[in-house]
Amino acid sequence: MKTIGITTTVPVEILIAAGYQPIDLNNVLVGDPDPTRLITIAERAGFPLNCCSWIKGIYGVCLDRDIRDVICVTSGDCSNTIMLREVLKLKGINAMAFAYPDRPDKEQMDYALEKLAAMLGTTLKAAEKVRKELKPIRDLAMKLDELTWQANKASGGENHLWLVSASDFNGDATKYGDDLRELLKTCAGRKPYPSDEIRLGYIGVPAVYARELYPFIEKQGARVVFNELQRQFAMPEPGESLAEQYTNYTYPYSIQGRIEDIKTEIKRRRIDGVIHYVQAFCHRGIGDIVFREAIDLPVLTLEGNADFFLNTHVKTRIEAFLDMIQRRRAKPSAVSRARRNVVK
Ligand code: SF4
């Protein structure tokens, strides 16, 4: 199978139906033993220092791994990708565009999917067949999610890693399914996490320092039981067709759709506080204003840039946030008078 890079979650069913093996370039970046090296490739090529590290890293991965075909999502993800695509084309890479519709509309989605299928030389009918084959594997990811928040037997880091990897199934859906089945068995045999732990939600794009973030939170007696976008990447609302699946996917559209999903899950998962991760130089950081207004819980906003580890400053802020939640739970009446969202 021919490899095809993707800059974010795309309808992989179409890529697979067209005979490609999709590779999420973001996952390759964070999985690299030295991701800083990949960002440096972009900076040496002229990418500005104040450009998001994910964009620079994606460029570095394409060149480092000699990826020849890439699907660049030019609407519904990141405006920087438009210019990234131009630079990739300049380097001789076949950088193709895919645009999510500007609103979650099934007819418009059908049209966008048809266009993508035609561009790659396949059909929606073939992609629907792939959707049905992937469905049991996507169900496993949802099972892990349940084991995280309902049975309390999976860690926030496991939840993050396996759901975020559903964007490309680590390049091999069969192996992803087999490995995940094994993990589910292991989780089922574990003792549940303590019932008095602090339950956190994580919203926003995946953190550059995710590898250290989740274990650190768990060392402090808390756990992430909701990874908002990672869960979306796994397609929690598959519907009856590809068009429905990618219309129900909240990430590409208005922030209001995401808020609805976040609020439902906060209630369902009995969440005590929310971490909103924002990437330095990302337009999505402005959305923090909207989230803070909409979420009726303490919110800690964390920013990351090209730091793939947790620095002391971030650790201290997390500790202070968890301490505040602990005190809030112990003395609800006193804290209810305090201003909400006190940690910023
Ligand atoms: S973090 Fe923001 S700026 Fe960076 S690639 Fe994602 S959407 Fe674009």
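Bear in mind the structure is a predicted one, so any value in this text is a computation, not a measurement. When reading the values below, keep in mind they use all heavy atoms of this one structure, side chains included, and skip hydrogens, waters and symmetry mates. Atoms within a ligand are numbered from 1 in the order they appear, just like the ligands themselves.
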Check: So, is C78 placed with an N/O/S atom under 2.8 Å from atom 8 (Fe) of ligand 1, counting both backbone and side chain?
Finding: yes
Check: Any chance the side chains of E13 and Y246 put a donor and an acceptor closer than 3.5 Å?
Finding: yes
Margin query: Suppose I only count heavy atoms of N80 and a 4.0 Å limit; which atoms of ligand 1 are within that range?
Written below: 3 (S)
Item checked: Close-contact set for ligand 1 against W54 heavy atoms, below 4.0 Å -> 1 (S), 5 (S)
Next item on the list: State the atoms of ligand 1, each with its element, that fall below the 4.0 Å cut-off from a heavy-atom position in I55.
Entry: 5 (S)
Item checked: Nearest neighbour in protein (non-hydrogen) for atom 2 (Fe) of ligand 1 -> C282 SG, 2.2 Å
Item checked: Q279 neighbourhood, listing ligand 1 atoms whose heavy-atom distance to it stays under 4.0 Å -> 1 (S)
Notebook entry, point to check: Within 45 degrees of the axis of the six-membered ring of Y193 and under 6.0 Å from its centre: does R223 put its NZ or CZ there?
Noted result: yes
Item checked: Test log, rule side chain to side chain contact (heavy atoms under 4.5 Å, CB included), inputs I295 and I203 -> CA-CA 11 Å; I295 296 172; I203 65 172; 3.8 Å; yes
Notebook entry, point to check: Is it true that the side chains of D261 and T250 contain a donor and an acceptor less than 3.5 Å apart?
Noted result: no
Note to self: By the definition side chain to side chain contact (heavy atoms under 4.5 Å, CB included), identify the one residue from E107, K115, M109 that meets it with Y111.
What the structure shows: K115
Check: What protein heavy atom is closest to atom 4 (Fe) of ligand 1, reported as residue, atom name and distance in Å?
Finding: C52 SG, 2.2 Å
Checklist line | Whether over 12 other heavy atoms sit under 6.0 Å from E260 CD | finding: no
